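Data first, discussion second: the structure below is written as structure tokens.
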Amino acid sequence: MKRNAIYIALASLLAISPAFLNAYWVDVLNSVGMYALLALSLNIILGHAGLFHMGHAAFYAVGAYTTAILNTTFDIPVLWLMPVAGLMAGLVALIVARPIIHLRGDYLLIVTIGFVEIVRIALINNVFGITGGANGIFGIDRPYIFGFKIRKPHEFFYLIWGFMAVTVFLFHRLENSRFGRALNYLREDDVAAEGSGINTTYYKLIAFVLGAVWAGMVGTIYAAKMTIIAPESFNFWESVVMFMIVILGGSGSIRGVILGAFLVIGLPEIFRSMSAVSDLINSLFAHFGVTLSLDFGNFSQARMLIFGAAMVIMMIFRNEGLLPPRPRTYPLDKIREEMP
Amino acid sequence: MLLDVKNLHVKYGTVEALHGINLHVDEGEIVTILGANGAGKSTTLMTISGLLKPSEGEIWFDGKPIHTMPAHKVVEEKLTQSPEGRRVFSTLTVQENLNLGAFTAKNHKRVEETRRWIFDLFPRLKERKSQLAGTLSGGEQQMLAIGRALMNNPRILLLDEPSLGLAPILVKAIFETVAEINKSGVTVVLVEQNAKAALKLAHRGYVMEVGRIVLEDDADALLANPSVREAYLGGGKK
Amino acid sequence: MELFFQQLTNGLAVGGIYALIALGYTMVYGVLKLINFAHGDLFTIGAYLGLTLLSALGLTDRLGPFGVVLALAIMVMGLVAVVGIILERIAYRPLRESHRLSAVVSALGASIFFQNAVMLIYGARYQVYPHDILPKVVIPIFGLNVPLLRILILLTSVVMMAALYFFIQKTKTGTAIRAVAIDQGAAKLMGINVNAVIMIVFLIGPALGGAAGLMVGLYYGQINFTMGWIYGLKAFTAAILGGIGNIPGAMLGGLLLGVIEALGAAYISIAWKDAIAFVVLILILIVRPTGLLGERVAEKV
Amino acid sequence: MSLLTLDNLIKDFGGLRAVDEVSFDVEAGDVFGLIGPNGAGKTTVFNLITGNYVPNQGKVIFNGHVLNGLAPNRIVSMGVARTFQTIRLFKTLSALENVLAGCHCRMTSGSIAAMLKTPFQKREEKEAIKLALAELDFVGLSEDVETRSDSLSYGNQRLLEIARALATQPKLLILDEPAGGMNEQETDALIDIIARIKARGITVLLIEHDMSLVMQACEKLVVIEYGKKIAEGLPEEIKTNKKVIEAYLGTDDDEEEEGETCF
Amino acid sequence: ATIKIGLMCPLTGSWASEGQDMKQIVELLADEVNAKGGLLGKQVEIITEDDAGDPRTAALAAQRLATRDIIAVIGTYGSSITEASQNIYDEEEIIQIANGSTAIRLSEKGLDYFFRSCPRDDEQGKVAVKTLMTMGFKKVAILHDNTTYAKGLADEAKALLKKEPAEIVFYEALTAGERDYSAILTKMKASAPDAVLFTGYYPEAGLLLRQKMEMGWDVPFIGGDATNNPDLVKIAGKKAAEGFFFLSPPVPQDLDSAEAKAFLAAYTKKYNGVPGSVWAVLSGDGFNAIAAAIKATGSTDTKILAKYLHKELKDMPGLTGKLSFNEKGDRVGDLYRLYKVDGKGSFVLQP
Ligand SMILES: Nc1ncnc2c1ncn2[C@@H]1O[C@H](COP(=O)(O)OP(=O)(O)OP(=O)(O)O)[C@@H](O)[C@H]1O
Ligand SMILES: Nc1ncnc2c1ncn2[C@@H]1O[C@H](COP(=O)(O)OP(=O)(O)OP(=O)(O)O)[C@@H](O)[C@H]1O
Ligand SMILES: [Mg+2]
Ligand SMILES: [Mg+2]
């Protein structure tokens, strides 16, 4: 299929990109990748189940802190901690979500915001004496894969985007299953979903848990990549960023969410490099004997302003999101043939 | 001619739902529009009311072009609609819903008279005056929707499936009411699934099929028309 | 006990400001079901505009303290309302028919835009209101010394709330606003000019936010470009606590939030006070899922 | 033994008693009609059966089990399916996926199985699609399998709701005004579908204001008014019941030959 | 070719004012150097990146700077922000001279290329406690704002105070960015301290002073170096600020060295005002140090430069007094001075 060919081409391009990008741009891709992973996990809750969840950074934090604490106190290798971090985040999600799961729309939204704030405040106040307070936790190990230490941006690139490949593969299957459909039913109309025999509370919870597990695992990668984590990395604004990625990209759409991450995380970085852009234009014109002295360099202070405007504009022009989900397809002809 | 719809085309996005509708309504008439589900009856009414904008064609009301007017201006011309699916304001009280029906009315005494008349027509509404409209039963909501539309003292009233979901006794009452409303000088455009009752009541009728008018005639003639009988008056029942 | 009452008044004063911002939040929410995350930034803009006008016009000598405040309030509310209307026109109207969350993201984008615009225009440094505009009168109430301004802030919130409530519940325009909130199409069929109603809403909501910004500037003196975020979040919390879309609810939620914070700080922990406030919020929502005064119309199926 | 028993059900909304000591039995295999004026409490009775509302008093007994307090989805999996008075479809999803929602409660594979694509999961999925297609065929929507449900015509949306309910493989199917918004021809088609549902051995309980449907399809009727049962019996008995005529049917002043079935 | 020096600072976000000041100062100094013919005959080019005051963005900013052929980077403000970038520079062997990152651990990691022109928290903690003791306060309230910096300083002071004949009657954190601290002041007042040590930043300090006066509470307040900002008086008002003590490295205004005077004159001429905070001025010291090292060694090899900074740069006349680094890269010498705000709102250096 043509569409698959495009995806394969894009994926291969991405896979070889570290070869011709410098460490900075590779690290931008790493950042994009991590947020894309986080947003994909949020997408299960927000995009598929339609639960207004603006506190996803909390689960991310649980994962990162679980990793940091266990790694720095017991020296457990960080990658082993990935499932542990995921399970821990999932457990927290289960406990937290249970009493609030019946809240609707905006009430759920504020409660999840409250949750992420409570988590951040708890971390700052060094809850249980293990989170290191505002300093956070430092000295986290780098991950090892088969004895190979991952530290440089391009090495992390393959870790992050490799995990992405696995995630996309699994989530794609998940979306196209009874489970994925069930989430969509309750997003569309949860009274009708219950009336069709779907246990809405159960699915809402599972959506939360699954999203949290993934966010927790990304937390492990983050902890290992930064080697230091602090509460401010998991504040409400981080949750907002993930939220924006999902909605801007197209909620419920894997490719949309990934594109959304490229834009929301990548654009400010591109705006940062505007001086490079102006230099490029200047030199191009110089080539033809025209002297220009464009300088977009002073952009750095205005980059977030432009970013904000860009968000509004993109939303206005693609109000379903950049790449909204496509309807699922079923092999109907094949199945019909089997029918009497 | 009070209402004149000329060559009306309406699109939803890129899909055209009406492919050139021509119809007219004279002062004092009851005109019914029949048609299967999805034929475009509601679309026609919504376009007349100004909620949808035609991609082509014109609508004239009492000598004025109303297809260029915003919906709220059309109401001021005393053309009101009781929409399909009731669409009462669910978290407002019955009373407030009725008040909104008279939103553009200037003459308060007249409004009060109308209100009394509506309460006579639908005593249930009076009983439930301060109940939230959303908690009314389906039928009660339908009464409210019609009552609300009448509050404007319309010159022409568009009714989209007013008998939907009503108990037989009320359906009769509604049709009687429509006749009564008409007698009091209001021109009525009636969209109905209950074709037989509608044709009995109406002076003229149009039959729509997939976005086009396929038949136009006096109501009696339509009642007698074999193809109409087969398609809309139900062959199955004895 | 004195500590308790002192903290109560502290809480009420802060709560009054939360309430005022929350009123604007709730207003916009009630009609458009839009969580206007840029509302906090309109509040910031109000604070900055107030300062600009104050120093540019030099009204202090001519009008006397309360005259100045009144004149400022009117001008700031007017200007912020204009910003609000433009915001609606550009960032929200095109999204009216789309999914609710699209508009939320647009609002977040607008918030980033406003915050950075204020920074670029006014600079990142803290700005300071002159100290001597209003006389520092302290009124003794039951043995507590309460600054007059705090009482004024509280009074303003209460008066605005009452006026707004009356306007929404009792006037014809108010009913129209509520009708638009429920079903815009049906509202049009009643002859209501929906765009005009939404404009009114975006006139009132931001104006209230701007007024709150001015008050914070006047009372606390210190303003900066990020202040809207924290106040916006608090006000949103307050609006939800009271039942979003509900005007007395916003008032109640704001005051309650202020008091919870003050008492939480006093009797439990200052560092945990925001967390305590959120815990209380969550507990209240678990018991009353639509907030304290939120309408609990059981959905008819 | 009757399939469904309502025993002295009471439901209050604030000060309003919407359902007032209603009792009746529905025999297995019947098409049973519940009629009454608007606001009489019919939909509320349905909601009490399906678990959307909890009765203030009284019992709902289905197939020997007391349903009180069970969540709606549990009641569905016990064999009670419903349609809604105001259509509640999953708007952005296709007709097929709407029906698959009904299949859901008869399936078991979860998220892990989906990620691993176990053979069982694949088989189950295929069976569900077959069943869904069959139900769509049954109500006559085989042309619209992949159509988004909100772009179906009103009448077809009603049929789709029925298909979705049937896909839960119910013993009892509850229809709330299935013919609402249908014209006479479409109503005739619906009557046929109800007959075929009955032929499948499924008990049907329905609310309807269209007397032609009620009289043709129902074996037994209960009439309620102001939350109270005012009559119960065979259609012919009900038709001539003075109370019912007064409260619901209206006096037949229609001089037309087809008379009583006009509305 | 040019000699490229990076500047990493918060140009957006909550700390944007610090970053923008840093940018102005470093650019000013670089222009001066260039006007005098540059370094080693080459012009100095400053490459600025925004770290937004956020660790993740800082890591990206550092990666970006690291790819742009810089030999040294000045910045940044905020310890956890600096920390997110430390390893990146170290691995690339780029000299980093932080200016507003006082957390002790930053220089305890044995990084060869890390320096800071600001003092460490323990330094300030010692001075704070000494000051409190010489002033004779027995019951002390400590208030911080839960940021890495303020909490670090508060903890340091708390630990040291325990060894003194003094009692800590109150130890809590406020939330920065709010406006109303009366609840906190009310609670603090109830603990009846002789003096309050506030280790947070000037915006909150200003509000605390003002609200303290409004509630009629007359207790001495002592602030940490983050309160050294002229805006403090603007926020608090002269009357409320009067009598406020704070500790800080000296600002150029208070030094009579030729360097400080010349800098101040140039700054005022170009930007029309005085620098907002001492932290930004410290970034200027960082720049001067690296410039001096390049000049003295005649090299742009970072190994040589680092060695020079560690060992040979001694008592360089900086904008904030004499500057030298120890082997950890920390600035040596007791830098802290005690200031008091007088009735006119000016900061008066205490003897
Ligand atoms: N909002 C909409 N978006 C897209 N298509 C629409 C929309 N509303 C109606 N349509 C389509 O326009 C056509 C006409 O619909 P309309 O509602 O006018 O029919 P109708 O005659 O009123 O039918 P009914 O008897 O079911 O009310 C149908 O094909 C319908 O699917
Ligand atoms: N959630 C609710 N809150 C308050 N009152 C309600 C609620 N649901 C129903 N009612 C009231 O209970 C009564 C019965 O309503 P119900 O919907 O059961 O009527 P119905 O018999 O189905 O009528 P219809 O034939 O018009 O659909 C009505 O008066 C209605 O206003
Ligand atoms: Mg219609
Ligand atoms: Mg009903």
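This one's a predicted model, so the numbers in the text were calculated from it and none came from an experiment. Chain letters run A, B, ... following the sequence lines, proteins first and then strands; every chain starts at 1.
- Using a 4.5 Å cut-off between heavy atoms, Ser79(E) makes no contact with chain A at all.
- At a threshold of 4.0 Å, the pair Glu91(E)-Lys152(A) does not count as salt-bridged, since none of the basic side-chain nitrogens sits closer than that to a carboxylate oxygen.
- For residues 226-236 of chain A, the interface with chain E (any heavy-atom pair closer than 4.5 Å) comprises Met226(A), Thr227(A), Ile228(A), Glu232(A), Ser233(A), sorted by residue number.
- In terms of heavy-atom proximity, Tyr35(A) sits nearest to Arg56(E) at OH-NE, 3.1 Å.
- Within a 6.0 Å sphere centred on OH of Tyr271(E), other residues, nucleotides and ligands contribute more than 12 heavy atoms.
- From Leu60(E), atom CG reaches atom CH2 of Trp25(A) across 9.5 Å, with rounding to the nearest 0.5 Å.
- With a 4.5 angstrom heavy-atom cutoff, Ile81(E) touches chain A only via side-chain atoms.
- Counting all heavy atoms, side chain and backbone alike, Thr67(E) lies closest to Ala23(A) at CG2-N, 4.0 Å.
- In the displayed structure, Phe128(A) atom CZ is contacted under 6.0 Å by at most 12 heavy atoms of other residues, nucleotides or ligands.
- With a 4.5 Å cut-off on non-hydrogen atoms, Ala62(E) does not touch chain A at all.
- One finds the OH atom of Tyr24(A) at 5.0 Å from the CZ atom of Arg64(E) (value rounded to the nearest 0.5 Å).
- Taking CE of Met304(A) as the start and CG of Asp50(E) as the end, the distance is 8.5 Å to the nearest 0.5 Å.
- Minimum heavy-atom separation, Thr147(E) to Ala134(A): C-CB, 3.8 Å.
- Residues of residues 97-116 of chain E that come within less than 4.5 angstrom of chain A, heavy atom to heavy atom, are Arg105(E) in numerical order.
- Of all heavy-atom pairs spanning Asn125(A) and Asn146(E), the tightest one is OD1-ND2, 3.0 Å.
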